[in-house]
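Working notes, structure below.
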Amino acid sequence: MRAVVIGGGVAGLVAARRLALAGSEVVLLEAGDRVGGRVASVELAGMRVDTGAESFASRGGAVRALIDELGLGGDVQDPSGSAWVALADRTVPLPVGGLLGIPSSPLATDVHRVLDTRGSLRAYADRLLPVVKVGRYERLGPLVRGRMGDRVLERLVAPVVQNVYGADPDEVPVDAIAPGLNAAITQTGTLSGAVLRLRAAAPPGAAAQGIAGGVHRVTDALLELTRGLGVDVRTGDPALGVHPAPFGGLITVTTAREDLKVDRVVLTADGAAALDLLSDAAPDLAALPRPAASRSRAVLLLVEDARLDAAPRGTGVLRAAGRQGVRATAVTHLTAKWPWLGERAGRGRHLVRLAYRGAEEVPDAVAAADASALLGTDGLRIADRTDAVWTDSAPALAPETIAIRRALATTVLPDGLLVAGSWVAGTGLASVVASAEQAARPRAS
Ligand SMILES: Cc1cc2nc3c(=O)[nH]c(=O)nc-3n(C[C@H](O)[C@H](O)[C@H](O)COP(=O)(O)OP(=O)(O)OC[C@H]3O[C@@H](n4cnc5c(N)ncnc54)[C@H](O)[C@@H]3O)c2cc1C
């Protein structure tokens, strides 16, 4: 069997390797000049550091299984410590035991520290309010606001949802961001009870883990093994069209160099590119309204300051909307979060990653002030710096992307054409890897 995999992000690499292992002759087409997509790294102060994904969710088990297969299982690490939230007047640890910031115990001390007495009591009202018996909760924002009040939404849920998913909780469908939450609310009769139930059902251990040396080791290893299996990995060679034969048979993938006629195509290019490539195979889908692309900038700093040795803000800080005077939406204290990186950097040397919405330049003075403010340490100075700008052409939780995904679920694609990757499966390695494994499975005959 001959196959083409379009897109050399983690989804494409997983699919290409799986198809090659099953005996297919595979060409992997990557438009850019390197594979890995949104898993990427850069060298800063002699250390190779992730600029895209730097952790993976253990949910579902697909990433861990892949890591074990790649021989990297022994290098998996739990993050050291947990994150904080920057409120209007103080910066405090995020409560433990929640889901998307929704607390399971509204009166717990760590929740009270964020919400104060008024906010905690309002959140506790969730235990007294009846739940909807007919229909379901549609959007996350109104659900949280209605059951637990504004403070839970603004101080806990919005910082998590905006920073981790780049989405506005008022727009996000509950079922898209928290599958199973609606059912758990019906079963338990409260939102906090539902959170508790979903957390109890999750596998034990840290929800997100990393790898000593960085998550980019996964895509590096995949590339090496994929090449070793004979996959023809072509960078700088985008797919320009995908044309199924009118009555079944081989699919033609056009590139600038040649037309490839194959039995199977796995399309993992990011959202907008994938939809363009579906214009022949699924014209109705390709014609649906597209979401606005979302851009972000990651600013990676080397800071030489022994005051950070004590990890004053745990693994980092999410900024709540009420916090003025800071442009970054979050900071990750990488050398505090990942033991391997802390050891590599040594005492007094710290790597800090600031996240900004949009691609706009961030002057050094702004980055240094943001790092100082969020990490609660005055006058931090930048010893070295590198930036990465990211574009997501189909943010997974944008209403248009959700509509496209729904339409895709009811669209019959031509035999042999499969789709995978974050635009169909959702953001994050857990969803992406599982979708690629699924798309590369042998066809039922
Ligand atoms: C800053 C940042 C931090 C993140 N942090 C985390 C994290 O900590 N944990 C986590 O789980 N996830 C994280 N993510 C999300 C995660 O990185 C992505 O969900 C995942 O890497 C997407 O993989 P993918 O293969 O679906 O898509 P991509 O990585 O986008 O790959 C798609 C590839 O297709 C290529 N392409 C496009 N058009 C064509 C064409 N016509 N022909 C050929 N190739 C084409 C693109 O060049 C690209 O390389 C983060 C993302 C970013 C940007």
Side-chain angles (χ1 to χ4, degrees), residues 4-16 27-42 49-60 62-63 79 163-166 207-211 214-216 218-219 222-223 233-242 253-256 260 265-278 293-300 315-316 329-330 332 334 337-338 353-357 359 387-396 419-436 439:
V4 167
V5 174
I6 302 176
V10 68
L13 288 165
V14 165
V27 175
L28 185 147
L29 298 173
E30 166 54 47
D33 57 8
R34 49 162 276 277
V35 298
R38 280 173 273 166
V39 177
S41 64
V42 76
V49 200
D50 292 313
T51 52
E54 42 107 24
S55 65
F56 62 90
S58 25
R59 136 182 74 86
V63 185
N163 278 293
V164 178
Y165 298 90
Q209 295 180 302
I211 298 179
V215 163
H216 60 273
V218 172
T219 44
L222 278 169
L223 175 62
V233 179
R234 302 181 186 173
T235 51
D237 195 3
L240 302 176
V242 175
V253 177
T254 53
T255 73
L260 297 157
V265 174
V266 181
L267 178 52
T268 73
D270 50 283
L275 286 170
D276 289 343
L277 290 170
L278 284 172
S294 114
R295 304 193 81 194
S296 61
R297 177 181 288 271
V299 177
L300 209 61
T315 58
T329 56
T332 309
L334 293 168
K337 182 172 181 180
W338 301 116
R353 184 162 102 176
L354 292 159
Y356 291 87
R357 223 161 275 148
D387 290 23
V389 172
W390 294 103
T391 302
D392 189 347
S393 68
V419 290
S422 62
W423 72 283
V424 270
T427 306
L429 302 186
S431 312
V432 167
V433 169
S435 81

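Atoms within a ligand are numbered from 1 in the order they appear, just like the ligands themselves.
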Which residue holds the protein heavy atom closest to [atom], what is that atom called, and what is the gap in Å?
atom	answer
atom 35 (C) of ligand 1	Glu30 OE1, 3.4 Å
atom 37 (C) of ligand 1	Asp270 OD1, 3.2 Å
atom 34 (O) of ligand 1	Gly7 CA, 3.4 Å
atom 44 (N) of ligand 1	Ala31 N, 3.1 Å
atom 14 (N) of ligand 1	Ala53 CB, 3.9 Å
atom 53 (C) of ligand 1	Trp390 CG, 3.6 Å
atom 10 (C) of ligand 1	Ser55 O, 3.4 Å
atom 18 (C) of ligand 1	Gly428 N, 4.2 Å

So do [Y] and [X] actually touch side chain to side chain, heavy atoms under 4.5 Å?
X	Y	answer
Val233	Glu30	no
Val35	Thr219	no
Trp423	Leu275	yes
Arg38	Asp270	yes
Leu429	Val215	yes
Ser55	Trp338	yes

For [X] and [Y], work out which heavy atoms get closest and say how close.
X	Y	answer
Gly271	Ser393	N-OG, 3.5 Å
Gly426	Ser431	O-CB, 3.6 Å
Asp50	Glu54	OD2-CA, 3.6 Å
Arg353	Leu334	CB-CD1, 3.9 Å
Ala430	Ala57	CB-O, 3.8 Å
Gly7	Thr268	O-OG1, 3.2 Å

N/O of [X] under 3.5 Å from N/O of ligand 1, yes or no?
X	value
Ala269	no
Leu429	yes
Asp237	no
Arg34	no
Glu54	yes
Ala273	no
Arg38	yes
Thr268	no
Pro238	no
Ala57	no

Using a strict cut-off of 4.0 Å, indicate which atoms of ligand 1 neighbour a heavy atom of [X].
X	answer
Val39	21 (O)
Leu277	41 (N)
Gly421	26 (O)
Ala11	25 (O), 26 (O)
Gly9	25 (O), 29 (O), 31 (O), 33 (C)
Thr51	1 (C)

Closest to atom 40 (C) of ligand 1 (judged by heavy-atom distance), picking from Gly52, Ala239, Ala15: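 The option holding the nearest heavy atom is Ala239.
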Residue selection (non-hydrogen contact nearest atom 43 (C) of ligand 1) among Leu29, Thr427, Val432: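 Shortest heavy-atom distance from atom 43 (C) of ligand 1: Leu29.
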Spatial distance of atom CG (Asp276) from atom CG (Leu240) [nearest 0.5 Å]: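 Asp276 CG to Leu240 CG: 11.0 Å, rounded to 0.5 Å.
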Distance in Å, Leu28 CG paired with Leu222 CG, rounded so as to fall on 0.5 Å steps: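 If we round to the nearest 0.5 Å, Leu28:CG and Leu222:CG are 10.5 Å apart.
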Heavy-atom gap Arg353 to ligand 1 smaller than 4.0 Å: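 Under 4.0 Å: yes for Arg353.
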Side-chain H-bond candidate by donor/acceptor type, Thr329 with Asn163, under 3.5 Å: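 Yes - a donor-acceptor pair under 3.5 Å links their side chains.
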Whether Ser296 side chain and Tyr356 backbone form a donor-acceptor pair below 3.5 Å: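 Judged by distance alone, no pair lies under 3.5 Å.
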